[in-house]
Amino acid sequence: MKNVKSQITFLIILLLSLKISAQYQPKNLSKEDLKKANDWVHKTYNSLSQDQKLGQLFIIALYTNKGEDYINNVRNIVVNEQIGGLILMQDDAAKEINLVNEFQTKSKVPLMIGMDAEWGIFQRIATAHKFPWAMTLGAIQDKNLITEMAAKIAEDCKRMGINWDFAPVVDVNTNPDNPIIGNRSFGSEVSNVVHSGLAYSNGLQNNNILAAIKHFPGHGDTNTDSHLDLPVVSHDLKRLTDIELAPFKALMDKGIGGVMVAHLYVPALEKEKGIPASISKNIITGILKEKFGFKGLIITDALNMGAVAKRYKPGELDALAFKAGNDIMLFSDGVKEGKRLIQLAIDNKEISQNRIEESVKKILLTKYYLGLTKYEARNPENINADLNNDSHKVLVQNLYSNAFTLIKDEKKLLPLHCKETYYYVPLEEAPYQTFLDQLNLKATVIVKKASEIGTIPANSKVIVGFHKDNSTAYKPYKISDASKKILADLSKNQQIILNVFGSAYALKNIDISKISTVSVSYENNDDSMTATAKAFNGATRISGRLPVLVNEKLKAGMGIDLNILTGK
């Protein structure tokens, strides 16, 4: 009998530890550490009034470019509503640090500070250094490099006082016309998305910055921007299970701290017409929590987005989101009203007090694990230099080098030879000078405008660059008819090396059958151009693979290894 009791006790402890470990926690915690964490959560929870408990469920936005009246309004909400956290938006890092320092001192429970930093702090702070987009990272074969990048982003987050990077995107981008995911996805193949997403999440969380995989249940095959209106994902359950839901299901038991739920209507998962996933109990509680068993923090996508803000009133939307199973309402525009309506639902027995306890204790435990009980004020001095220096540049150029993808090289035109003369024809709308300057460090390269291609001697080696505007992740990737014609004309009597400084999707409608050498850099900026020039000049190994299905001839996984040192 004693043996049976001991086995039961062991099973209970095991189940409790599994429940805890399914939520984010730092590695190598002792039993004493776990007890301290849970004691603090219990004590803190019991010290809060009901209103303060409700406040923990909300994160609001902090901009520094909207004037003092806006900041005063945020200040009042932080103090009066005792909210759970902030999401930092544009655009002054030093000012944000000062405000976070101030707001942390005014909060009974430390604030959790989040940011959309998918490609680093640069996504919100223009003076920071830009890391590659997920689509670029998806081309990298050594996923440890993604972990290394995310660790650097974590370092930058810590410098800012940020605890939660709302990343990575694990949507499978199967729609080339997707207006909002595209470059933000690791690609069109589930396996690549899973491995890349896990590498990114580990890089953050191994360095005590929370990750959030998004946008559940899958935003990769949409043609509507949910910032503007409600997208519909109309696939059947088998397709959703195989593609859209697959990365989330694969990552559920990996200790990732958060899942962000999208504003999408998915009829196969939610029978009530027009109900977004973000307020669907069937999707959040039924699938994410019960079927997939996710124990971490569940957070809505921004509640000010047109997909939901057009349809529901502030506060009403927050209450619906909480009823559906979310723990945190992000970018709330109606904290006070949301709290009132959630409490009303409790009073009316539509929500149990246990739901409040469940969510608030999850939030408090995460805050404890992130070290927020020992918050140290950040110093705003030299912040821009700390977020943008040579350590960033070296890492980022290495990432672009490893992403660089050689699709074909039939005449072995790469690497360039120092004794030969090449002509360079830059096309499309974006800058190209950095690439040209770096090429000229080895070979002789003569630039020719589109109007001058008739002056290039026949059978010359001509480099053509499609330089696409990458000032945001959402710029069109399509190549103009004029550029297509110039490429076709050149290919009639020249040896062409074509490189795309932009999305691989740019090649979707390009005839490359008569072009000897085709490669993709994925982005057009100084770091990507420098990395591409190094690949062209034979200074780095080429190993990238296409992360997306471009067309029937250009499939995900295509690419040629080229190691200049061995000639292979």
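Values in this document were obtained by computation on a predicted structure and should not be read as measured data.
Ser278 places no side-chain N or O within donor-acceptor distance of the main-chain N or O of Val261, the cut-off being under 3.5 Å. Between the side chain of Gln56 and the main chain of Lys53, no donor-acceptor pair closer than 3.5 Å is present. At least one donor-acceptor pair under 3.5 Å links the side chain of Lys367 to the backbone N or O of Gly84. Lys295 contributes no side-chain N or O that, together with a main-chain N or O of Lys362, makes up a donor-acceptor pair within less than 3.5 Å. In terms of modelled atom types and a separation under 3.5 Å, the side chain of Asp165 and the main chain of Ala117 share a donor-acceptor contact.
The minimum heavy-atom distance between Arg184 and Ala134, with the atom names listed, is O-CB, 3.1 Å. Scanning both residues, Ala307 and Pro231, for their nearest heavy atoms gives CB-CD, 4.4 Å.
Checked against the 6.0 Å centroid criterion, the rings of Trp119 and Phe131 do not qualify as a close aromatic pair.
For the residue pair Asn175 and Asp221, a side-chain donor N or O sits within less than 3.5 Å of a side-chain acceptor on the partner. Side-chain atoms of Ser30 and Asp33 include a donor-acceptor pair closer than 3.5 Å. Using modelled atom types and a 3.5 Å distance limit, the side chains of Gln343 and Asp347 yield a donor-acceptor pair. Donor-acceptor pairing under 3.5 Å is recorded for the side chains of Asp318 and Ser332. Side-chain atoms of Ser359 and Asp327 form a donor-acceptor pair, as typed in the model, at a separation below 3.5 Å. Between the side chains of Asp225 and Tyr474, no donor-acceptor pair is found at a separation under 3.5 Å. Side-chain N/O atoms of Lys130 and Gln123 include no donor and acceptor closer than 3.5 Å.
At a threshold of 4.0 Å, the pair Lys152-Glu155 counts as salt-bridged, since one of the basic side-chain nitrogens sits closer than that to a carboxylate oxygen. Between Glu102 and Lys106 there is a salt bridge, with a side-chain nitrogen of the basic residue lying less than 4.0 Å from a carboxylate oxygen of the acidic one. Arg378 has no carboxylate O lying under 4.0 Å from a charged side-chain N of Asp386, or vice versa, which leaves the two without a salt bridge. Between Lys35 and Glu32, none of the side-chain N atoms (NZ, or NE/NH1/NH2) sits under 4.0 Å from a carboxylate O, so this pair counts as no salt bridge. With salt bridges taken as basic N to acidic carboxylate O contacts below 4.0 Å, none links Glu148 and Lys143. Ionic pairing of Asp171 and Lys214 is not present here: no N-O contact between side-chain nitrogen and carboxylate oxygen is shorter than 4.0 angstrom.
Taking 4.5 Å as the limit, some side-chain heavy atom of Met305 sits within range of a side-chain heavy atom of Asp301.
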